[in-house]
Amino acid sequence: MPEKFLKPYDPAATEGRLYGEWEKSGLFNPDECVRRGAARADAPAYSIVLPPPNVTGRLHMGHALMLAIEDIFVRYKRMRGFRTLWVPGTDHAAIATQAVVEKQIKKDEDKSRHDLGREEFVRRVEAFAEESHGTIVSQLKTMGASLDWSREAFTLDDARSRAVRTVFKRMYDAGLVYRGHRIVNWDPKGQTTISDDEVVYEERPAKLYTFRYANDFPISVATTRPETKVGDVAVAVHPDDARYRDFVGKEYDAVFCDVPIRLKIVADAAVDPSFGTGAVGVTPAHSQTDWDIADRHGLSHQNIVISEYAKMTVPGRLNGMKTAAARGAVVEWLKREGLLEKEEDIRQNVATAERTGGIIEPLPKLQWFVDVNREVPGRGASLKELMLEPVRSKKIAIIPDHFEKTYVHWIENLRDWCVSRQIWYGHRIPVWYRGEEIQVGVEPKEVGWTQDEDTLDTWFSSGLWTFSTLGWPDDAGDLKTYHPTDLLETGYDILFFWVARMILMTEFALGTIPFRTVYLHGLVRDAQGRKMSKSLGNNLDPVDIAAKFGADAARMALVVGNTPGTDTRISEDKVKGYKHFANKLWNIARFILENADDADAAVPLSEADVAHRAALDALTREVTADIDGYRVYLAAEKLYHYAWHELADNIIEESKPVLQGADAAAKASRRALLARLFDRTLRLLHPFMPFVTEEIWQSLPAKDADYLMVARWPVVE
RNA sequence: GCGCUCUUAGCUCAGUCGGUUAGAGCGUUCGCUUCACACGCGAAAGGUCGCAGGUUCGAAUCCUGCAGAGCGCACCA
């Protein structure tokens, strides 16, 4: 028996070495598995693409959970003989990464990106991304993820850039990507547009002011943003509102806080007669709703009174003031003029930018959009409909299935997707202009063309991930073999951001689904159920945890009892429990090596031993069905329970007198049984705890594969 | 406003979509230098399954209502 079994199991001395051995063996690569006879050349394929972590820093516990679940499926399928591919990669995460570097440069050098210039700034971001990439790769390996590194991808590398340009060009030619002057979510802090999904609403206290535009103006209106009223072009009332019916269609002139305005009274069903005075000042350039009202009544959209820097751009006293200051100034003026009628405290949802926290300023801008309602040529359906169909028809199954409703509900409310961003890091929009001319896709050879300054929303490139990583637009081997992928495993919090976009992009570019099953895991919270965050300081670093207790223990702690779609809690104590379990396996191994290392598998089993074997057969069937049914949380728990409380507590204990007794046949049978049960247990546990099981396996005297990783999963008929 | 989820032992959660006596981990109590393991072993206590109805031979599980917690979307003048 190897010396190491005389001491407790030491994950730190084992895990890194074993990962290196696995990697060197090449067996994470399905082609190599075929070459080495670990998978048949005609075996069915099984594929997962790793949701690419952002190159913004380090992995968190959510990543660790994702890796644990995906690696369980990948290792299980590999042991079942599938040509199993798990593609690694990272995401350039445009805004997020740029923001990190901008902050860093501001802090270190007190410079903005404009001080550095586009070229130099992008170089800095790339250097940061490179460094961050290295950290992330080593963290992925620490967790034991059996990824095929020969196929690693990055959302901003050359192959992925080619895919992005190709999709953009095809969408443009199909009329599905268009440039339009529309109201967008402008983030004055990040100086860029963002999509509707990147807006987060925060409830804050606010004041609702009721006022008149002028003394002779007949209607009072209520607003939380008096400073925007210099941009009003109309007052809207509900068509059935008897109070205002006589005024509809009339126009009034006023000078509002030095700004001359002309207001038309319009009737629109979007107005809620019970809110405020039942009359709304319409500011088309600075509110989506008002923009829509203006559309319906043929009013001007172009009365812009706020700049990209959230400053007033009007004649008179307000000019150049920040919106917050202008608000005060307008209220002052209203009071002085006797126009302010009421001031009340209310709670208001304020739109903020997810990444920068800046308050969103809706502004009309010339941007690129993906049209989700226009018919896709040759498909007889819009992108929206193409996103709905595979989920409704169950071609894509979402686990847990109640998220299918959430998904459908979201798609039905979807608006056109603004894909252009005014940031520098990312895929530059593949469009060139020369005067009135425009060229899309490939840079023109002639002089005089200039490329669009903007970059694409990061989700545009990650939306292509399942097929851009497999060689598309070339219709070559990997794409044919591994696409559509089998499983997409990710957090429910990015169902809309990412999962929906992948379905959109894949339906458009390939006319098929990107994956057959979506498994959504929940958030990983701390022991008190709080979200992990920097400000609370309650973050657990998966690499620290793995160093302290072993990656196997971390994986088990994250997986056991963690049902899909439900948040889970993690604490060091919980992980510690599974470190003890790894040690328990270690000691079982010691017992087996001491007592059954010379077991003869051919010996006939006694009646009692046959029963033990049958019980494990039953468990094997259950665990297999659980994994196939995506109940890994149950499979893990059952195996834990079997190894500890059945194999160790009962079977080994009752074996002691037998092994020391005089009945030679019973002894031989028991030795064969123990060797057999333990061999089986290691195989079943391997996807969950790959390191300790592999380490023990390699010390077993009789084994049918060099690596447990590619040993056969036990199939019981 | 529309929609979704949750409420089971002191704590954290399962309960594979109706079937003996409702399970696990942690915690608690008691006892163990038992020759695989103190990162351990043995034993024990602990639950009107949120509340009220209904369906059923049978309900933690299905239906209705109520209460509490959380989440998503929309609105937010």
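Worth saying up front: this structure is predicted, and the values here are computed from it rather than measured. Here is the naming used below: chain letters follow the sequence lines, and residue numbers restart at 1 for every chain.
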Between [M] and [N], how far apart are the [atom1] atoms? Round to whole Å, please.
| N | M | atom1 | result |
| --- | --- | --- | --- |
| B:G27 | B:U5 | P | 34 Å |
| B:A44 | B:C49 | C1' | 23 Å |
| B:U55 | B:G15 | C1' | 22 Å |
| B:C62 | B:U16 | P | 9 Å |
| B:G46 | B:G25 | C1' | 15 Å |
| B:G19 | B:G58 | C1' | 7 Å |
| B:G70 | B:C13 | P | 14 Å |
| B:C41 | B:A36 | C1' | 12 Å |

With no hydrogens and no angle check, just 3.5 Å: does a side-chain donor-acceptor pair link [X] and [Y]?
| X | Y | answer |
| --- | --- | --- |
| A:R680 | A:T620 | yes |
| A:D628 | A:Y76 | yes |
| A:W417 | A:D457 | yes |

Of the nucleotides [options], which one has an atom closest to the side chain of [X]?
| X | options | answer |
| --- | --- | --- |
| A:R569 | B:U16, B:C13, B:G72 | B:C13 |
| A:N583 | B:C37, B:U16, B:A36 | B:C37 |
| A:A648 | B:A36, B:A14, B:U16 | B:A36 |
| A:E637 | B:C76, B:A14, B:G25 | B:A14 |
| A:W410 | B:A14, B:A36, B:C73 | B:C73 |
| A:I588 | B:A36, B:G25, B:C75 | B:A36 |
| A:L634 | B:A14, B:A36, B:C4 | B:A14 |
| A:H409 | B:A14, B:C73, B:A36 | B:C73 |

State whether [X] places a side-chain N or O below 4.0 Å from either non-bridging phosphate oxygen (OP1 or OP2) of [N].
| X | N | answer |
| --- | --- | --- |
| A:H580 | B:G40 | yes |
| A:Y201 | B:A74 | no |
| A:T289 | B:C76 | yes |
| A:T563 | B:A14 | yes |
| A:W644 | B:C41 | yes |
| A:K584 | B:C37 | no |

**Request:** Start with the C-alpha distance between A:R569 and A:D526, add both sets of side-chain angles, then the distance that settles salt bridge (charged side-chain N to carboxylate O under 4.0 Å, His left out), and finish with yes or no.
**Result:** CA-CA 5 Å; A:R569 300 182 187 206; A:D526 75 1; over 6 Å; no
**Message:** Less than 4.0 angstrom from a charged side-chain N to a carboxylate O is my criterion; do A:K229 and A:D232 meet it?
**Reply:**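 Salt bridge present between A:K229 and A:D232.
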**Message:** Under a 3.5 Å cut-off for both contacts, is B:A9 paired Watson-Crick or G-U wobble with anything, and if yes, with which nucleotide?
**Reply:**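 Base-paired to nothing in any strand shown.
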**Prompt:** Does any nucleotide pair with B:C17 by Watson-Crick or G-U wobble geometry, both distances under 3.5 Å, and what is it?
**Reply:**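 When the pairing criteria are applied, nothing turns out to pair with B:C17, so the answer is none.
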**Asked** Between A:W333 and A:F256, how do the two ring planes meet: parallel, tilted or perpendicular, split at 30° and 60°?
**Response**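 Rings of A:W333 and A:F256: perpendicular, as their planes differ by over 60°.
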Base, sugar-phosphate alone, or nothing: which one does [X] contact when heavy atoms must sit under 4.0 Å apart?
| X | value |
| --- | --- |
| A:N349 | base |
| A:H645 | sugar-phosphate |
| A:K579 | base |
| A:E622 | nothing |
| A:T566 | sugar-phosphate |

**Prompt:** Where do A:Y642 and A:Y640 land on the ring-ring contact (aromatic ring centres under 6.0 Å, His included) test, with the steps shown first?
**Reply:** CA-CA 6 Å; A:Y642 177 81; A:Y640 172 89; over 10 Å; no
**Request:** With RNA chain B as reference, determine whether A:Y209 or A:K656 sits nearer its 5' end, using the nearest nucleotide of each.
**Result:**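 Closest to the 5' end, via its nearest nucleotide, is A:K656.
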**Nearest-nucleotide 5' precedence on RNA chain B, A:P273 against A:D197** =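 Between the two, 5'-proximity favours A:D197.
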**Request:** Take the protein atom CG of A:D290 and the nucleotide atom P of B:C75, then report the distance between them rounded to whole Å.
**Result:**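 It is 12 Å, rounded to the nearest whole Å.
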**Request:** Rounded off to whole Å, could you give me the CG-to-P distance for the A:D649 and B:U34 pair?
**Result:**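 The answer, rounded to whole Å, is 17 Å.
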**Prompt:** Would you say the side chain of A:E412 and the base of B:A74 hold a donor-acceptor pair, judged only by whether the two atoms sit under 3.5 Å apart?
**Reply:**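 Donor-acceptor pair under 3.5 Å: no.
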